[in-house]
Structure formats: C-alpha cells, structure tokens
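Both ligands and their constituent atoms are indexed starting at 1 by order of listing.
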Amino acid sequence: MPGYPAYRARRLRATPILRRLVQETRVTRDDLIYPMFVTHAETSEISSMPGIYRFCVQDLCSELEQVAGLGIPGVILFGIPPEKDAAGSGAYDDGGILPQALRAARKAVGNDLLLIADVCLCEYTSHGHCGIVEGDRILNDPTLQLLSRAACVYAEAGADIIAPSDMMDGRIGAIRRALDQSGFADTPILAYAVKYASAFYGPFREAADSAPQFGDRRSYQMAPHNRREAYREAAMDVEEGADILMVKPALPCLDIISDISRQFSLPVAAYNVSGEYAMLKAAALNGWIDGERAIAETLTAIKRAGADIILTYHAKEFVQRGMER
Ligand code: PBG
C-alpha cells in the first residue's frame, strides 16, 4: 500500500517499555482515600461488600495502622451509633461514635494518616433522612445548624478534614462559618458538591442501616439526568468556601468528573461508591471477571476523567496487591 499513513499507532504499543513511556495516566496510592465504618457494636463484615467491615473502635485503630503503613494518605470515617432518633443527635454528640473513633485514631496513627469526617445525619436519624423531617418534608435550614454542630464536634475531636454529604443548600457556608468561629479556620472542607440520587449507594445503606424509612432522597440529591446543574452545585460550594469538590458516584458520572475538573481549579475528588464496589467484587468472586484488572481499569478511568483524589473501598487491596502503575 504505497503512501500508507506515516503514522502507525501500533509503533508505540510494541513493547512494555514503550507503552510505559507513553502512558498518560497513573494511579498511585497517593491518589486514594479509604472509606471506613466504625460501630459501637462488635466488628462485622458487611454482607454486600465482601472484605469491608464495620469496625469497633479498637479494631479500627489496628486497621488504621495498617492503612497508614501502606502509605495511603487518608481515610474517611462513617459512624454507626448505638441508637438513632428523629434529630440525629448521635451525629453531634461529643461522646458519640465518631468523636470517640477520631480521638482513638489520632492516638493510634498520629499524623501519618488524614482523618476525614463525613458529616451527615442519615446514619443517626430514625427516619434515615439526611435532615430534620416535618411531615413528609426534609427541612433545609434547621438542618444546617445541626450539621454545623457536628462539624465542630468532629474538628474538636481531631478530624483533619470535614466532608459534608447531606446535600442541603447552604451547608458549606454554614459549616465554614461555624468552623471559623470555633477556632478551626484551618480545617478544610471536602464538599460532596455534586451528589446524585443513585441506586449505587445501596450497600452503604445496608452497612450503616441508613435507608430512608419513607420516600427517597430525591428532594435533596441531584437527578442523574442533569449535567449543567452539576456546574451550579459546584459553583455554589466554591463560593461558600469549599476546598475540594467531590463528584459522586464515580463510574456513572465520568462525564461530570471531566466537566468539573475543567471548569474549576480546586482539587476534584470522586467517590467510587459502595454499589460500584459490590458489583465488581461479586463478579470477581464468581470468576466472571478478572478482579485485579477490573479494579485497576476502574480507578484509571476515574483518574483519566479528571479526578485528583479517589475515594474507594478498593484502596487497601490496590496497594497491597501491587496494582499501582
Ligand atoms: C451519607 C452518605 C452516603 C454515602 C456517603 N455518605 C449514603 C447516602 O447518601 O445515601 C454513600 C457512600 C457509598 O455508597 O459508598 N449521606
């Protein structure tokens, strides 16, 4: 074929060393945050998330030492309280499960690991919603005060970063002001800025027993159909003082991760959520896919889309099994 294209794409794919040279995206442990559950009860495995546990405080600490030892920069902690009530009071109780865990964790790992505190009411409310409920409505502004209290309690207990996941309007501004007034002007906020109402949170809700007891979360979480709305949500959080913008879930939202990382200069995080983990694990445990390759490809895709930080339940095994590349 005379004059066949001067460019042959396969030239640079010919050998491992050439492929290594031209590889555009690399996922390393530095990109990862490991989500963990801490419970007042005994340690138990989450049935829909094989390999992931609700840890009692003591077991959490030994696990955190391992995670720090692997060189993973941070964890995000979710508390599961002994009792739930309508006002989610366990969320902002200074003696509650998360403050207890934060204090113990700090003793165990010092400053070798970033301790990120998820701020939301749904794990702590009897009705399972992320805000105060009146009739069948989820009230916005009264919820802000409770979230702000929770944020300050966690900062006081030693949280390095505060991560509000509730999707009430104005929460970043309210939490920022509360933190500043309580002497935590230097504590960053990782905003769940763009959080869609997703089926992929199912296993998390089993883990935290936090499924809404009536209705669903569609009056506060975003409709998956909307793309431009993600820009508005992120812009609002930037204006209110967010330090890092998160998009959630990750795999169904690669386009959104891409948009947000181009439109804003703040670091962008993506949450590879519980349902994404469960699907991959289930297929891998059945021998239907190669689990290791699927994990590496998944995290690579999320980073390639534009995420600087990936919250993933795969973090530990990704590092342990040498999947960085
Ligand atoms: C709390 C919260 C949820 C997740 C993170 N924070 C559940 C929800 O919004 O229903 C989901 C994380 C996951 O699925 O891994 N609001």
Side-chain angles (χ1 to χ4, degrees), residues 32-38 46-54 75-81 84 88 90-92 97-98 116-125 127-133 138 140 143-144 146-147 150-151 154 159 161-169 171-172 175 189-224 233 244 246-253 269-282 298-299 302 309-316:
L32 306 180
I33 300 287
Y34 190 44
M36 297 179 75
F37 299 91
V38 58
I46 299 159
S47 60
S48 53
M49 302 178 73
I52 302 296
Y53 297 79
R54 308 170 190 88
V75 295
I76 181 163
L77 298 175
F78 299 94
I80 306 168
K84 306 188 186 226
Y92 38 91
I97 183 67
L98 205 52
I116 305 175
D118 183 89
V119 172
C120 195
L121 299 187
C122 65
E123 297 108 283
Y124 304 90
T125 50
H127 45 72
H129 278 290
C130 304
I132 292 298
V133 166
I138 318 303
N140 196 88
T143 302
L144 300 184
L146 304 182
L147 297 169
Y154 302 158
I161 300 179
I162 297 297
S165 65
D166 52 282
M167 288 301 277
M168 298 299 124
D169 290 327
R171 76 231 202 268
I172 303 302
I175 290 172
I189 297 178
L190 161 57
Y192 285 70
V194 181
K195 178 173 176 180
Y196 287 95
S198 169
F200 293 100
Y201 309 150
F204 176 100
R205 293 181 191 170
E206 182 217 315
D209 187 21
S210 66
Q213 298 303 298
F214 66 89
D216 54 42
R217 301 210 202 292
R218 283 186 283 186
S219 76
Y220 41 106
Q221 299 180 350
M222 289 170 58
E233 278 286 355
I244 302 173
M246 181 146 70
V247 175
K248 177 183 171 199
L251 287 183
C253 298
Y271 200 144
N272 177 218
V273 299
S274 58
E276 300 172 43
Y277 177 88
M279 283 195 302
L280 197 158
K281 272 285 161 206
T298 296
L299 301 186
I302 296 169
I309 301 165
I310 305 170
L311 288 77
T312 179
Y313 301 96
H314 297 296
K316 210 178 139 195

message: Once you measure the plane-to-plane angle for Tyr313 and Tyr271, does it fall in the parallel (<30°), tilted (30-60°) or perpendicular (>60°) bin?
response: tilted

Numbered in order shown, the ligand 1 atoms found under 4.0 Å of a heavy atom of Cys122 are 1 (C), 16 (N)

Taking only non-hydrogen atoms of Asp118 and a 4.0 Å limit, the atoms of ligand 1 in range are 6 (N)

So, does Tyr277 use its side chain to make a donor-acceptor pair with the main chain of Pro50 at under 3.5 Å? yes

Out of Met49, Lys195, Glu123, the nearest non-hydrogen contact to atom 16 (N) of ligand 1 is supplied by Lys195

Looking only at distance, does Arg217 have an N or O less than 3.5 Å from an N or O of ligand 1? yes

Ligand 1 atoms nearer than 4.0 angstrom to some heavy atom of Ser165 are 1 (C), 2 (C), 6 (N), 16 (N)

query = Just wondering, do Glu233 and Met167 contact through their side chains at under 4.5 Å, heavy atoms?
reply = yes

For Lys248, the atoms of ligand 1 under 4.0 Å from one of its heavy atoms are 2 (C), 3 (C), 4 (C), 5 (C), 6 (N), 11 (C), 12 (C)

Under 3.5 Å donor-acceptor, Glu123 side chain and Phe78 backbone: no

With heavy atoms and a 4.0 Å threshold, my read on which part of Tyr277 contacts ligand 1 is neither

When distances are taken from atom 14 (O) of ligand 1, the protein heavy atom at minimum range is Ser274 OG, 2.7 Å

In ligand 1, the atoms that come under 4.0 Å of a heavy atom of Phe78 are 5 (C), 6 (N)

shortest atom 15 (O) of ligand 1-to-protein heavy-atom contact is with Tyr313 OH, 2.6 Å

Do any N or O atoms from the side chain of Arg54 and from the backbone of Ala207 form a donor-acceptor pair under 3.5 angstrom? yes

Hits for side-chain contact (heavy atoms from CB on, under 4.5 Å) against Ser48, two or more places apart or cross-chain, chain-then-number order -> Ile46, Pro203, Glu206

Rounded to the nearest 0.5 angstrom, the CZ-CD1 distance for Arg218 and Ile138 is 13.0 Å

Between the OG1 atom in Thr312 and the CG atom in Leu280, the distance rounded to the nearest 0.5 Å is 9.0 Å

of all protein heavy atoms, closest to atom 12 (C) of ligand 1 is Phe204 CD1, 3.4 Å

